[in-house]
Amino acid sequence: MFGKGRKRTHRARDASAMDGSSSGPAPKQFGGNEYRKKKRVHVLGMDQQLEEKRLEKLIFGDASDVVANLDIDEDELLEFDEPHEASSERKPSDKQLNVITATTLEEDSGVEEGDQSPSAIEDDKPNSQKEPVWMDEDDENIQVKQAFQMQGRSLHETSASRDEYSTFLKQKYESMMGTPRWAELNTDSTRKSDTDSDGDDDVMQHSGPYVSKRRSPNLGKGMIETKHLKDLNVDSNAEGPIVSVTEFHPTSTVALVGGLNGAVSIMQVDGRTNTKLQTIQFERFPVKCAHFSTDGTQFLVGSQNHGHFFVYDMMEGRSIKVPISHSSEITNMKNFSMSPDGRLIASLGRFGHIHLITAQSKEWLGSLKMNSEVKAIAFNKDGSRLYSTGDGGDVYVWDMHSRSCIHRFTDDGCIVGTSLALSPNEQYLACGSSSGVVNIYEGNSIFTSAAPRPVKIALNLVTEINSLKFNASSEVLAMASMDKENAVRLMHFPSMTVFSNFPHISENVFRPQCLDFSPHSGFLTLGNNRGRALLYRLKHFGNY
């Protein structure tokens, strides 16, 4: 019975479809008058679908704007009466996507030309507070106290809330590091850097490490930045137990190291390997003094036990023995100096004599005579004047053109003068004594009185001063004594204070016998009584 009822129902439904009384679409025709049967999809639950669309519109917004931009009617977006449109979503083409993107960018581009939004006007106010661009909602749920308890840390009572703890961290950072430039809001410099497209930060103005500060052209006082390098004679060690002389070449990055066993080595100065270029052995000739010639083509070697000296020609690679005439009364060449102009060699003799020898022919020209034994001499920068001191504590000033004494003064509190050094700018004269005192005089004040007052009395050393040397920029004075270990100091100018970190407290330089600065003060060398020529890098001075 039920089966017959179902058949009549289907038969009635088919008849009504043949008459066109149904509201659904007519079947499509495919070739001739044949009809292909196709299942009809009825839109069931229309009220439910409309409710879903209404909710989507409330949550995700209306799609009418996009549809309007595409010039598509809203009625064409969804057609529920078409079965194939109801079962699939309508996707825009690539061309339509490009139109949507371009339109959206134009709408989000901000203020149009000539207009100014209220937010932009508010930013120009000096006291306006900028709102954060984005905030994480999860941050509101953070409990600082609970987080500290989980980490086993204690929290200050005044920083229990999140805002108070954030303010505490900000103040702590600014007190230690200062306010970063990017965090300086509402300042003229910040607005200028934001609006000026050509303005760059200071870090982009120069190359090099970002954290390093620009080096001041003047050397600061207090502490000097040095680095202890490999010994200058690390590749030779042939100079004997006592290194009596070290000197840098005036133009090339080489240096000589000599000792009392008669060996003089020429070293390449690089601070890493210090390769030995050559070692010259002078038989039974303890080297007490050695200097490069002014042009750097030769170096002279003298001894305290012989009345002759040697000249080594670095271009030809041979040594020449130079005898000394007995009529000159020169008994040895244990202490001599080369004039900066390259014309003369001044050698210290007995009974206050200073012997003058030509630098070219090595002939004796004459002598200068002091009233007491001479201990030390020093030329000025151009070689026109010679300063000398010795027993009695008097300092003589000689004119080298007339070979006469033009001034004489008494070194304050000095009994025996043992060393002299004149700064390259001739602004300061340093006088060392047998008691370890170094008096500093202004270059012009010594000519105004026979007993000038020193501008500085250095009492840092307590034994006889054997070495005094200014660097090329007249900013550092090195003073040393060979009678005590670690008896070497570096004094800063013009403050006239000793650098507190040289030599280092954990370092032992032993007894310094000699010292020298490189031509541009980049290196300092110290010869000691352990057969070593110590080498230091002075980092403030960039060149050799």
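Residues Leu344 and Ala359 share a closest heavy-atom pair of N-CB, 4.1 Å.
With contacts defined as side-chain heavy-atom distances shorter than 4.5 Å, the pair Ile224/Asn501 qualifies. The side-chain heavy atoms of Asp231 and Leu534, taken from C-beta on, include a pair separated by under 4.5 Å. A heavy-atom distance below 4.5 Å is not found between the side chains of Leu256 and Thr246. No side-chain heavy atom of Lys381 sits under 4.5 Å from any side-chain heavy atom of Pro340. Side-chain contact check for Leu490 versus Leu477: every heavy-atom pair is 4.5 Å or farther apart. Within the 4.5 Å cutoff, the side chain of Leu535 has no heavy atoms near those of the Lys230 side chain. Residues Phe470 and Met491 are not in side-chain contact: their nearest non-hydrogen atoms beyond the backbone lie 4.5 Å or more apart. Ser473 is listed as a side-chain neighbour of Phe541, based on a closest heavy-atom distance under 4.5 Å.
A search for ring pair (Phe, Tyr, Trp, His ring centres under 6.0 Å) contacts involving Phe379 returns nothing, not counting sequence neighbours. Residues passing the ring pair (Phe, Tyr, Trp, His ring centres under 6.0 Å) test with Phe510, sequence neighbours excluded: none.
Aromatic ring pairs are classed by plane angle as parallel below 30°, tilted from 30° to 60° and perpendicular above 60°; the pair Tyr536 and Phe502 is perpendicular.
Residues Asp394 and Arg408 are paired through a salt bridge, judged by an N-O separation under 4.0 Å between the basic side chain and the carboxylate. Arg385 has no carboxylate O lying under 4.0 Å from a charged side-chain N of Asp399, or vice versa, which leaves the two without a salt bridge. The pair Asp516-Lys469 meets the salt-bridge criterion, since a charged nitrogen lies less than 4.0 angstrom from a carboxylate oxygen.
A distance below 6.0 Å separates the ring centres of Phe409 and Tyr441. Between Phe499 and His492, the ring center distance clears the sub-6.0 Å criterion. Aromatic ring centres of Tyr428 and Phe493: separated by under 6.0 Å. Under the 6.0 Å cut-off for aromatic ring centres, His308 and Phe285 qualify, their centroids lying closer than that.
A donor-acceptor pair is defined here as one N or O able to donate and one able to accept, closer than 3.5 Å; such a pair exists between the side chain of Asn466 and the backbone of Met482. In this structure, Thr279 contributes its side chain and Ser236 its backbone to no donor-acceptor pair below 3.5 Å. Judged purely by atom type and a 3.5 angstrom limit, Asn471 has no side-chain atom pairing as donor or acceptor with the backbone of Ser521. A donor-acceptor pair under 3.5 Å is formed between the side chain of His353 and the backbone N or O of Arg350.
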Take Asn508 and Asn486, measure what side-chain contact (heavy atoms from CB on, under 4.5 Å) needs, and give me the verdict at the end.
CA-CA 6 Å; Asn508 190 357; Asn486 288 330; 3.2 Å; yes
Might you work through the side-chain contact (heavy atoms from CB on, under 4.5 Å) test for Asp382 and Asp341, ending with a clear yes or no?
CA-CA 6 Å; Asp382 58 2; Asp341 57 3; over 6 Å; no
Go through Val438 and Ile465 one step at a time and tell me if the side-chain contact (heavy atoms from CB on, under 4.5 Å) criterion holds.
CA-CA 8 Å; Val438 178; Ile465 305 298; 3.9 Å; yes
Decide yes or no on side-chain contact (heavy atoms from CB on, under 4.5 Å) for Arg318 and Val311, but give the supporting numbers first.
CA-CA 9 Å; Arg318 64 186 182 93; Val311 177; over 6 Å; no
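Sorted by first then second residue, the ring pair (Phe, Tyr, Trp, His ring centres under 6.0 Å) pairs that include residues 232-259, not counting sequence neighbours, are Phe248-Tyr544, His249-Phe292.
Atom-to-atom distance recorded for Asp411:CG and Thr389:OG1 is 6.5 Å, nearest 0.5 angstrom. Within the model, atoms OG of Ser445 and CD of Gln427 stand 10.5 Å from one another, a figure rounded to the nearest 0.5 Å.
Looking at Asn233 and Glu239, their side chains do bring a donor and an acceptor atom within 3.5 Å of each other. Judged purely by distance below 3.5 Å, without hydrogens or angles, the side chains of Ser404 and Trp398 never pair a donor atom with an acceptor atom.
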